[in-house]
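One structure below.
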Amino acid sequence: MSVVIRLARAGTKKRPVYHVVVADSRFPRDGRFIERLGHFNPLLPKDNEARLKLDMEKVKAWLAKGAQPSDRVTRFLDAAGVKKRTPRNNPEKAVPRKERKAQAEAAAKA
């Protein structure tokens, strides 16, 4: 049984609020969970303290037990200084094709 720390959506239509929960990875996103660790309100401004509330003691306890945080929860924990987030692979897909081709040719010549 793999345990994950993830967001479960709550709130009304077009007014989302997310609960930070610990759940079995096989359970549905908004379904059964083991424990609620906090909440996240994306509609509030980023500098507002009420945007994200987490019980850090419970989070650290679950991480010690082997729970794996989701990508979004890992961002929250990295900002709080609890768990370091590793950089992701971000290929240059946004660069237009001609420029990518020219860069590849220049790299091949060098």
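Nothing fancy with the numbering, it's 1 onward along the sequence. Excluded from the calculations below are hydrogen atoms, water molecules and symmetry mates; all remaining heavy atoms, backbone and side chain alike, are included. Remember, predicted model here, so these are calculated numbers, not experimental data.
Closest non-hydrogen pair, Ser2 versus Ser25, comes out as OG-OG, 2.6 Å. Across Ala8 and Val21, no two heavy atoms sit closer than the pair CB-CG2, 4.1 Å. For the residue pair Ala80 and Met56, the shortest heavy atom distance occurs at CB-CE, 3.5 Å. Residue Pro16 comes nearest to Asn41 through the heavy atom pair O-OD1, 3.8 Å, listed as atom of the first residue, atom of the second, then distance. Taking all atoms of both residues into account, the shortest heavy-atom contact from Lys53 to Glu49 is CE-O, 4.0 Å. In plain terms, the two heavy atoms of Ile5 and Ala67 that are nearest each other are CG1-CB, 3.9 Å.
Within the structure, side-chain hydrogen bond (donor to acceptor under 3.5 Å, both in side chains) pairs that include any residue of residues 70-85 comprise Asp71-Arg88 (at least two apart or interchain). Judged as a side-chain hydrogen bond (donor to acceptor under 3.5 Å, both in side chains), the pairs with a partner in residues 56-65 (not counting sequence neighbours) are, in order, Glu35-Lys58, Glu35-Trp62.
When the shell of 6.0 Å around CZ of Arg9 is examined, it contains more than 12 heavy atoms from other residues, nucleotides or ligands. Summarising the local packing, CZ of Arg51 is surrounded by more than 12 heavy atoms from other residues, nucleotides or ligands at distances under 6.0 Å.
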Evaluate side chain to side chain contact (heavy atoms under 4.5 Å, CB included) for Val4 paired with Val22, printing each intermediate quantity in order. CA-CA 6 Å; Val4 293; Val22 177; over 6 Å; no
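Going from atom NE2 of His19 over to atom CZ of Phe40 covers 13.0 Å, rounded to the nearest 0.5 Å.
Clustering ILVMFWY residues whenever any of their side-chain heavy atoms sit less than 4.5 angstrom apart, transitively, puts Phe76 in the very cluster that holds Val82.
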